[in-house]
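For reference, the structure is listed below as structure tokens.
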Protein chains: 2
Amino acid sequence: MLSQTEENYLKHLLHFGMQEGNAKGISSRQLADKLEVKASSVNDMLKKLKEKNLVQFEPYGKLFLTTEGEQKAVQIIRKHRLWETFLVNKLKFNWADVHEIAEQLEHIQSAHLMDKLDEFLDFPTVDPHGDPIPTREGLFKDDQRISLGDVELNTLVKIVGVKEDSPSFLNYLDKLKIQIGAIIELSAKEEFDESYQIKHEEKTLHVSQKFIENLWVIPTS
Amino acid sequence: MLSQTEENYLKHLLHFGMQEGNAKGISSRQLADKLEVKASSVNDMLKKLKEKNLVQFEPYGKLFLTTEGEQKAVQIIRKHRLWETFLVNKLKFNWADVHEIAEQLEHIQSAHLMDKLDEFLDFPTVDPHGDPIPTREGLFKDDQRISLGDVELNTLVKIVGVKEDSPSFLNYLDKLKIQIGAIIELSAKEEFDESYQIKHEEKTLHVSQKFIENLWVIPTS
DNA sequence: ATTAAAAGTTAGACAAATCTAACTTTATTT
DNA sequence: AAATAAAGTTAGATTTGTCTAACTTTTAAT
Ligand SMILES: [Mn+2]
Ligand SMILES: [Mn+2]
Ligand SMILES: [Mn+2]
Ligand SMILES: [Mn+2]
């Protein structure tokens, strides 16, 4: 059985897209920053995970999750998202407050519990932030969402999720009364500071590039 | 913040009735057996908990939980029992299967979560095994339950709980179709092997002394 | 092509929670 | 009271995950 720490390393590796064959392999440096430990700690842990056949790497070489490591990581993400869904849908938590608690709950060891919770939640496919919930078998429904940052001006889109679920961003969305499911239009770009105008329910809002890049959308036909 | 290990020590000390002023102070030997560690490990941990003002003890002397230690322990028990209630009432777990998972869930750190869960469960006062759930403030409703082992023959009683929530005992009760709330009568005792006859819904059952001592009951007037 | 910067690695140390083995104190027998 | 057993303590070792500080390799800049 994996320790919570080992699980966290695997999860972050998957979030960084470190699956086998994925070109944009990320540095252990960034992993260290993200996990808020020193690079040497990351190095020590990677050796340990390699020993357990969960990652693959050679000194000064490329780093990858093995299939086994990826599967483990996916299950942790599944648990994280199911718990977040529970907290919001059942316990009526604000969507900005659930991530921290889910960081703890994702390490509870009981496959049976997750099956029961999944059923109780009526088999949700996305979490409160619009992130897909993998199946029991570890499969993600393939999704067509794109970043609002990649959308042409004057296209109608539906917001389906957020990239980063930081409280500051989520609370900002709440303040603007923008929720998942909202239909918006990216109506203008201000070259000077790369800011944008978006239209939402008759109102026009003015937001930053960072803001629009943080939203997942799908075009509405 | 306390580690899970520290929390487990405190919880077990409370279960052993080690509150200040309680005469039946238990030995660290028994604590070691229960926690499945060596006596020396217990000794090390007790020193640490003493340092943190959670227990009080001198070498070769009596051992007690401080008020602070007791409060912490009560909160852990509260969390354990609320989670068990959630698992049975909401996720439809069998009452024999929840203890193990609650052992993990009791260590999740979020007072807000427990308040929300408490509300979601409609403020339960007892867990699925009939054990009282302390309030937010750490108070146990004082209870009149007594052991079925201490009941006179031919008294009608209502089963309100079980002492040990081991799967073997709980599954045995399921097999006998005896649930919490059942009205039974202790109808006869066999001197030879200290076994008993109990009446339950027209049927007469034959059970051991260990069995009846494991049930909490209240007399029905 | 050198040099400088960044990234990655190693050795040695530390705190937490555990252990074994030896020792001391207290309790129980005879 | 002396001997034996049980309980409790201590010292020193181990494992996990981290650190610092020094070192090596790779990448970027001049
Ligand atoms: Mn999250
Ligand atoms: Mn999420
Ligand atoms: Mn329990
Ligand atoms: Mn219980």
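Chain naming here is simple, since letters A, B, ... match the order of the sequence lines and numbering starts at 1 in each.
- As a whole-Å value, the separation of Met1(A) CE from dT16(D) P is 13 Å.
- Between Tyr9(A) atom OH and dT16(D) atom C1' the separation is 11 Å, expressed in whole Å.
- In this structure, the ring of Phe169(B) has its center less than 6.0 angstrom from the ring center of Phe211(B).
- Nearest to the side chain of Ser41(A), among dT10(C), dC19(D), dG8(D), sits dC19(D).
- In this structure, CG of Leu46(A) is placed 8 Å from P of dT9(C), rounded to the nearest angstrom.
- Counted by atom type alone, Trp95(B) and Asp174(B) present one or more donor-acceptor pairs between their side chains at under 3.5 Å.
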Below 3.5 Å is the cut-off: list the nitrogen or oxygen pairs between protein and nucleotides 22-27 of chain C, distance only.
from, atom 1, to, atom 2, distance (Å)
dT24(C), O2, Tyr60(B), OH, 3.4

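- As a whole-Å value, the separation of Asp44(B) CG from dT20(C) P is 13 Å.
- Here Lys11(A) pairs with Glu106(A) in a salt bridge; the nearest charged N to carboxylate O distance falls below 4.0 Å.
- Atom-to-atom, CG of Asn8(A) to P of dT16(D) comes out at 17 Å; the value is rounded to the nearest Å.
- Considering only side-chain N and O atoms, Ser40(A) lies nowhere under 4.0 angstrom from the phosphate OP1 or OP2 of dT9(C).
- Remark: P of dT18(D) and NZ of Lys38(A) are 13 Å apart, rounded to the nearest angstrom.
- The aromatic rings of Trp83(A) and Trp83(B) sit perpendicular to each other, their planes meeting at more than 60°, with 30° as the lower class boundary.
- Atom CD of Glu36(A) is separated from atom P of dT18(D) by 12 Å (rounded to the nearest Å).
- If you check dA7(C), dC19(C), dT10(C) against the side chain of Arg29(A), the one that comes closest is dA7(C).
- Aromatic ring centroids of His129(B) and His99(B) lie 6.0 Å or more apart.
- Side chain of Val37(B), nearest nucleotide from dT18(C), dT9(C), dC19(D): dT18(C).
- Salt bridge annotation for Lys72(B)-Glu7(B): absent, with no cationic side-chain nitrogen under 4.0 angstrom from a carboxylate oxygen.
- Protein atom CE of Met45(A) is 17 Å distant from nucleotide atom C1' of dG8(C), rounded to whole Å.
- Under the 3.5 Å distance criterion, with hydrogens and angles disregarded, no donor-acceptor pair is assigned to the side chains of Gln75(A) and Glu70(A).
- At dT9(C), none of the side-chain N or O atoms of Lys47(A) fall inside 4.0 Å of OP1 or OP2 (strictly under the cut-off).
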